[in-house]
> 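If you scroll down you'll find the structure; I have some questions about it.
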There are 2 protein chains.
Amino acid sequence: MNTNINIVPLSEKIADTLQVISPSPRLAILIAIGRKEACVCHLESILGWRQAYISQHLMALRKAEILQDRRAGRYVYYRVKDEAILSLVRDAAALSGLDPQNVDLCANPDPGPACECPHCTPETILLTLPDIQK
Amino acid sequence: MNTNINIVPLSEKIADTLQVISPSPRLAILIAIGRKEACVCHLESILGWRQAYISQHLMALRKAEILQDRRAGRYVYYRVKDEAILSLVRDAAALSGLDPQNVDLCANPDPGPACECPHCTPETILLTLPDIQK
DNA sequence: ACAATATATTCATGAATACGAATATAAACA
DNA sequence: TGTTTATATTCGTATTCATGAATATATTGT
């Protein structure tokens, strides 16, 4: 069967997507977001990286239309547009000799008290918290 | 549930695999090989690239244990060790807005008369062919 | 032994990427 | 309005990668 599809342009298009997500900081961000949404301070707390560094990678992922952002006041929440990305990351984990379930287990963990966004600390709780790390 | 799995080393391990396969020349090679095996001149014929260029990428894929090689006289045949790699490439194609079936349709096409390896031109046919492009 | 063919490997150079530092922008607070 | 907080963006530099050119190695043919 003769096709009009040429391998070279096909693989270039596939490469465009894979090369956006394959740097490890971006994989970490995608896994950290998981199937929920997360804000930048959330990601800072989970990953322990500088805000500007995270923002740079968010910018690349946003530009590639892999992430969708939603602003709520000062906070910006990011969500993975297509869960197939996460599925692909799990498959890549399996290929790397890892248990794909570990990717799910890592996904969007509780960042703990370091993250004070409304998402993690609803107002009613925030008002009662002592002044920590301020 | 608290896990011992840290996102950062997990994503670094996944990145190791994804970064080996995500350059478009390597994707093209993996697709060209498909679920069969192919030799270097086969790939030359299909992809239209220089032999040394293809060999460099084959070396990287071999080093990452993604490809398995088999020598038959002068000819070296390459095969994709784990079909999950091809599955992942198909998924990446879908994410890139392509029809994953197109990846299968491209896989290991007939290279035509340019490839004279025993694989493509069994001896009985080779003996009867006129002297073309020699 | 030498030549031809198939393939692998190394090195140099230019391009692309990674990341830190600095700074800009937006929204809320005093 | 100015300050604070959350986040985005730009630029520079070091590092890594991509690829061409040259060459080395392995096998077969004469």
Side-chain angles (χ1 to χ4, degrees), chain A residues 8 11-12 15-16 18-29 37-45 47-64 67 69-78 111 114-121 123 126-127 131 133-134, chain B residues 8 11-12 15-16 18-29 37-45 47-64 67 69-78 111 114-121 123 126-127 131 133-134:
Chain A
V8 175
S11 51
E12 280 166 0
D16 284 346
L18 282 180
Q19 279 179 320
V20 167
I21 69 172
S22 64
S24 69
R26 295 178 198 172
L27 287 170
I29 288 169
E37 62 177 10
C39 60
V40 180
C41 55
H42 200 109
L43 296 172
E44 272 186 87
S45 173
L47 300 173
W49 293 334
R50 290 178 303 100
Q51 171 271 318
Y53 181 66
I54 294 174
S55 264
Q56 275 182 302
H57 288 295
L58 288 173
M59 182 165 69
L61 290 168
R62 218 186 325 115
K63 189 176 278 185
L67 289 184
D69 58 307
R70 169 181 80 85
R71 182 174 276 268
R74 289 173 173 172
Y75 296 90
V76 185
Y77 294 94
Y78 286 91
C115 186
E116 294 177 4
C117 75
H119 229 286
C120 303
T121 47
E123 270 185 43
L126 195 62
L127 287 172
D131 196 325
Q133 290 179 351
K134 273 188 161 169
Chain B
V8 175
S11 52
E12 279 166 359
D16 284 346
L18 282 181
Q19 278 180 321
V20 167
I21 68 174
S22 65
S24 69
R26 296 178 198 173
L27 288 170
I29 288 169
E37 62 177 10
C39 60
V40 181
C41 56
H42 199 111
L43 297 172
E44 271 186 86
S45 173
L47 301 173
W49 293 334
R50 288 177 303 97
Q51 171 272 318
Y53 181 66
I54 294 175
S55 263
Q56 276 180 301
H57 289 294
L58 287 173
M59 182 166 68
L61 290 168
R62 215 183 330 114
K63 188 175 278 184
L67 290 184
D69 57 308
R70 169 181 78 85
R71 182 175 276 268
R74 291 170 171 173
Y75 295 91
V76 184
Y77 294 95
Y78 287 92
C115 185
E116 292 178 4
C117 77
H119 227 284
C120 304
T121 46
E123 269 185 43
L126 196 61
L127 286 171
D131 196 326
Q133 289 179 349
K134 271 185 164 175

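What you are looking at is a predicted structure, and each value in this text was computed from that prediction instead of being measured. Here is the naming used below: chain letters follow the sequence lines, and residue numbers restart at 1 for every chain.
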> Measure from CD1 on B/Ile54 to P on D/dT19 and round the result to the nearest Å.
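Roughly 13 Å, once rounded to whole Å.
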
> Could you tell me how far apart B/Trp49 (CH2) and C/dA6 (P) are, to the nearest whole angstrom?
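My rounded result for the distance is 20 Å.
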
> Hey, does the side-chain of A/Arg74 have a donor or acceptor N/O within less than 3.5 Å of a partner on the base of C/dA28?
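Answer yes: a donor N or O sits under 3.5 Å from an acceptor.
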
> Would you mind classifying the nucleic acid contact of A/Arg50 as base, sugar-phosphate or nothing, using non-hydrogen atoms under 4.0 angstrom?
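Since a base atom lies under 4.0 Å of A/Arg50, the category is base.
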
> Looking only at the side chain of A/Tyr53 (C-beta and beyond, no hydrogens), which of the listed nucleotides C/dC19, D/dT7, D/dA8 gets closest?
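Comparing C/dC19, D/dT7, D/dA8 against the side chain of A/Tyr53, the answer is C/dC19.
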
> Examine C/dT17: is either OP1 or OP2 under 4.0 Å from a nitrogen or oxygen in the side chain of A/Arg26? Give yes or no.
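Indeed not, no polar side-chain atom of A/Arg26 lies that close.
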
> Between D/dA22 atom P and B/Gln56 atom CD, what is the distance in whole Å?
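Checked: the CD to P distance equals 14 Å.
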
> What is the distance, rounded to the nearest whole Å, between atom CD of A/Gln19 and atom C1' of D/dA18?
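From A/Gln19 CD to D/dA18 C1': 11 Å.
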
> Looking at A/Arg71 and D/dT7, is any side-chain donor or acceptor paired with a base atom of the opposite kind under 3.5 Å?
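In this structure, the two groups form no donor-acceptor pair.
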
> Look at B/Arg62 and C/dT9 and indicate whether a side-chain polar atom (N or O) is within less than 4.0 Å of OP1 or OP2.
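True: B/Arg62 side-chain N/O within range (under 4.0 Å) of C/dT9 OP1/OP2.
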
> Given C/dT7, C/dT9, C/dG20, identify the nucleotide with an atom nearest to the side chain of B/Met59.
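Output: C/dT9.
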
> Does the base of D/dA8 carry an N or O that pairs as donor and acceptor with the side chain of A/Gln51 under 3.5 Å?
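Between D/dA8 and A/Gln51, which were checked side chain against base, a qualifying N/O pair under 3.5 Å is present.
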
